[in-house]
*Asks:* 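I'd like to ask you about the structure that follows.
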Amino acid sequence: MLSLALKSAFCKNTWSQFSRQVLIRAMSSSGPTSPYTTLSICRPTPSITHVELHRPEKRNAMNKAFWREMVQCFNEISDDSDCRVVLVSGAGKIFTAGIDLMDMASDVLQPDGDDTARISWNLRRTITKYQETFSVIERCPKPVLVAVHGACVGGGVDLITACDIRLCTQDAWFQEVDVGLAADVGTLQRLPKVIGSRSLVNELALTARKMYADEAKSSGLVSRVFPDKDALMAGALEMAEEISARSPVAVQGTKINLIYSRDHSVAEGLDYMALWNMSMLQTNDVMKSAQASMEKKSPKTIEFSKL
């Protein structure tokens, strides 16, 4: 279904035919692409999929449909052999205001069940369903870049910590929200591994204070800061292009092994890498890349097969 939607939403002209600014404007669609109501999907290039959070009138707040549609979207992207890199951004004035509490209150505050055990069982099922919304991003074998502008609040922090590369604008800020519960869809599990400072993570989680772009950069939450959204999207697309030009065997294998190594010992990571490459090294991509390197050619000149 996503592939059919992308055919109608494919940016009409190639990267080389139009300037970067025109392409960025082309990526900003007038509304969500069917079959989604909260997401807009397009292809700025044949190998890059742009997923835009698209409820600008609600500051991209995450309603019930969003949590379902993100899972569907990324499951389809994972199986899409044309896609090699994913770029996530937000429409409108900010990246996201986080959870749409008005829309989701019934799921969280009024779970089904006629006794404590059944209420708890159903609430756990709801929480794990919402956790899957961002875990599916982490499991996606294609690298996921996220471009944050303005506010990134609550569930937005959970989302970006599941992505592989985080970029932001100078006016971006990040904040957990104090709504009487511990964050339960990924921030407390992934942020300590993203930033590396347990003290800073504890401070941010326990005080719910804002973190601005400069601190986000110095702490490692984001890797680059851009002056405005146009520059951010241009830089993100350029980075996505660089990644998409590489061997998909190498790129996707790198992501999978980076995540495995994050959650295992060095010895376990090395063993998994050996098992991985005993098959993945048997690819024509190695010879193609080596030949291009010897001839001092860019990877962009190589035509790699789909994976």
Side-chain angles (χ1 to χ4, degrees), residues 1-11 27 32-54 62 65-90 128-147 155-156 158-166 185-186 189-190 193-194 236-237 239-264 272-273 275-277 279-280 283 285 304-307:
M1 187 176 292
L2 177 59
S3 60
L4 293 176
L6 281 170
K7 288 181 181 178
S8 63
F10 195 98
C11 298
M27 288 172 63
T33 298
S34 178
Y36 305 118
T37 62
T38 67
L39 305 173
S40 179
I41 316 295
C42 83
R43 278 266 172 77
T45 77
S47 57
I48 299 172
T49 301
H50 179 214
V51 178
E52 184 180 54
L53 312 188
H54 208 290
M62 301 171 176
F66 165 84
W67 298 89
R68 179 181 66 254
E69 291 177 358
M70 282 287 282
V71 174
Q72 180 184 347
C73 176
F74 272 89
N75 278 335
E76 295 200 28
I77 286 173
S78 294
D79 293 332
D80 182 359
S81 60
D82 289 318
C83 174
R84 296 185 181 181
V85 183
V86 185
L87 172 59
V88 178
S89 69
T128 56
K129 179 180 68 175
Y130 290 150
Q131 289 174 342
E132 177 68 7
T133 297
F134 302 139
S135 293
V136 76
I137 298 174
E138 189 172 75
R139 286 200 310 272
C140 176
K142 289 61 183 297
V144 181
L145 287 66
V146 62
D158 295 282
L159 189 162
I160 68 169
T161 54
C163 297
D164 302 297
I165 299 174
R166 290 166 294 278
V185 289
Q189 292 70 41
R190 296 188 176 101
K193 297 181 179 181
V194 168
L237 281 167
M239 187 179 296
E241 267 212 314
E242 288 293 322
I243 296 170
S244 68
R246 267 70 182 171
S247 159
V249 173
V251 168
Q252 294 181 39
T254 296
K255 170 173 178 173
I256 290 168
N257 277 276
L258 281 170
I259 291 175
Y260 184 91
S261 293
R262 179 198 66 186
D263 299 331
H264 295 78
Y272 188 77
M273 188 76 250
L275 290 171
W276 183 272
N277 264 357
S279 57
M280 291 300 109
T283 171
D285 292 13
F304 292 109
S305 300
K306 296 178 182 179
L307 182 60

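Because only heavy atoms are used, hydrogens play no part in the values below, and waters and symmetry mates are left out as well, while side chains stay in. Here the structure is a predicted model, which means the values were calculated and not measured.
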*Asks:* Do Cys83 and Ser47 have side chains that get closer than 4.5 Å, going by heavy atoms?
*Replies:*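 With C-beta onward as the side chain, the pair stays apart.
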*Asks:* If you compare all heavy atoms of Leu53 against all heavy atoms of Met70, which two are closest, and at what distance to 0.1 Å?
*Replies:* CD2-SD, 4.5 Å
*Asks:* Is there a donor-acceptor pair closer than 3.5 Å between any side-chain N or O of Ser279 and the backbone N or O of Trp276?
*Replies:*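 Yes; judged by distance alone, with no hydrogens or angles, the pair exists.
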*Asks:* Supply the atom-to-atom distance Ile165 CD1 to Ile243 CD1, rounded to the nearest 0.5 angstrom.
*Replies:*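 So the gap between those two atoms works out to 4.0 Å.
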*Asks:* Which heavy atom of Arg190 sits nearest a heavy atom of Ala162, and at what distance?
*Replies:* CD-CA, 3.9 Å
*Asks:* Can you confirm whether His50 sits close enough to Ser40 that some side-chain heavy atom of one is under 4.5 Å from a side-chain heavy atom of the other?
*Replies:* no
*Asks:* Heavy atoms, side chains only, cut-off 4.5 Å: are Ile77 and Val51 in contact?
*Replies:* yes
*Asks:* Taking all non-hydrogen atoms of both residues into account, name the closest pair between Arg84 and Phe304 and its distance.
*Replies:* NH2-O, 2.8 Å
*Asks:* Name all residues meeting the ring-ring contact (aromatic ring centres under 6.0 Å, His included) criterion together with Tyr272; count only those two or more places apart in sequence or in a different chain, and write none if there are none.
*Replies:* Tyr260
*Asks:* For the CG atom of Leu87 and the OG atom of Ser244, what is their distance to the nearest 0.5 Å?
*Replies:*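 Output value for this atom pair is 11.5 Å.
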*Asks:* Roughly how far, to the nearest 0.5 Å, is the CD1 atom of Ile256 from the OG1 atom of Thr254?
*Replies:*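 Nearest 0.5 Å value for the OG1-CD1 distance: 9.5 Å.
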*Asks:* With side chain to side chain contact (heavy atoms under 4.5 Å, CB included) as the test, would you mind laying out the steps for Cys163 and Ile137 before giving the verdict?
*Replies:* CA-CA 6 Å; Cys163 297; Ile137 298 174; 4.0 Å; yes
*Asks:* Just by distance, do the side chain of Asn257 and the backbone of Gly253 share a donor-acceptor pair under 3.5 Å?
*Replies:* yes
*Asks:* Report the distance from atom CZ of Arg43 to atom OG1 of Thr49, rounding to the nearest 0.5 Å.
*Replies:*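 With rounding to 0.5 Å, CZ (Arg43) is 3.5 Å from OG1 (Thr49).
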*Asks:* Are any of the side-chain heavy atoms of Leu237 and Pro44 separated by less than 4.5 Å?
*Replies:*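 Touching, per the 4.5 Å side-chain cut-off.
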*Asks:* Run the salt bridge (Lys or Arg N to Asp or Glu O under 4.0 Å) test against Asp79 and tell me which residues pass, sequence neighbours left out.
*Replies:*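 Partners of Asp79 under the salt bridge (Lys or Arg N to Asp or Glu O under 4.0 Å) test: none.
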*Asks:* Is Asp164 reaching over with its side chain to a backbone N or O of Val144, donor-acceptor style, under 3.5 angstrom?
*Replies:* yes
*Asks:* Check whether Trp67 reaches the backbone of Met62 with its side chain - one donor and one acceptor, N or O, closer than 3.5 Å.
*Replies:* yes
*Asks:* Do any N or O atoms from the side chain of Thr161 and from the backbone of Asp158 form a donor-acceptor pair under 3.5 angstrom?
*Replies:*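 Confirmed, Thr161 side chain pairs with Asp158 backbone.
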*Asks:* Can you tell if the side chain of Ile41 reaches within under 4.5 Å of the side chain of Cys73, non-hydrogen atoms only?
*Replies:*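 Yes, side chains in contact.
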*Asks:* May I ask you to decide whether Glu138 forms a salt bridge with Arg262, counting only side-chain N to carboxylate O separations under 4.0 Å?
*Replies:* yes
*Asks:* Checking Glu52 against Leu39 for the side chain to side chain contact (heavy atoms under 4.5 Å, CB included) test, could you report, in this order, the C-alpha distance in whole Å, the side-chain angles of both residues, the deciding distance, and whether it holds?
*Replies:* CA-CA 6 Å; Glu52 184 180 54; Leu39 305 173; over 6 Å; no
*Asks:* With a 4.5 Å heavy-atom cut-off, do Asp285 and Ser305 have their side chains touching?
*Replies:* no
*Asks:* Who passes salt bridge (Lys or Arg N to Asp or Glu O under 4.0 Å) against Glu132, sequence neighbours left out?
*Replies:* Arg139
*Asks:* Under a 4.0 Å N-O cut-off, is there an ion pair linking Asp82 with Lys142?
*Replies:*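 Salt bridge absent between Asp82 and Lys142.
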*Asks:* How about Thr37 and Glu69: does a side-chain donor come under 3.5 Å of a side-chain acceptor?
*Replies:*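 Yes, a side-chain donor-acceptor pair sits under 3.5 Å.
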*Asks:* Looking at Cys140, is its backbone amide N or carbonyl O close enough to the side chain of Lys255 to form a donor-acceptor pair, meaning the two atoms are under 3.5 Å apart?
*Replies:*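 Looks like yes, one N/O pair under 3.5 Å.
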*Asks:* Show the nearest heavy-atom pair for residues Val71 and Thr133, with the distance to one decimal.
*Replies:*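 Heavy atoms of Val71 and Thr133 come nearest at CG2-CA, 3.6 Å.
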*Asks:* In Å, rounded to the nearest 0.5 Å, how long is the span from OG of Ser89 to CG of Leu145?
*Replies:*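 It comes to 11.0 Å.
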*Asks:* Are the charged groups of Asp263 and Lys193 less than 4.0 angstrom apart, N to O?
*Replies:*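 Salt bridge flag = yes for Lys193 with Asp263.
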*Asks:* Please check if the side chain of Arg166 supplies one atom and the backbone of Ile160 the other of a donor-acceptor pair under 3.5 Å.
*Replies:*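 Yes, the answer is positive, given that a donor and an acceptor are paired below the 3.5 Å cut-off.
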*Asks:* Distance alone, cut at 3.5 Å: any donor-acceptor contact between the side chains of Thr38 and His54?
*Replies:*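 No, because no side-chain N or O of Thr38 sits under 3.5 Å from a partner of the opposite role on His54.
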*Asks:* Distance check, rounded to the nearest 0.5 Å: Leu275 atom CG versus Met280 atom CE?
*Replies:*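 These two atoms lie 11.5 Å from each other.
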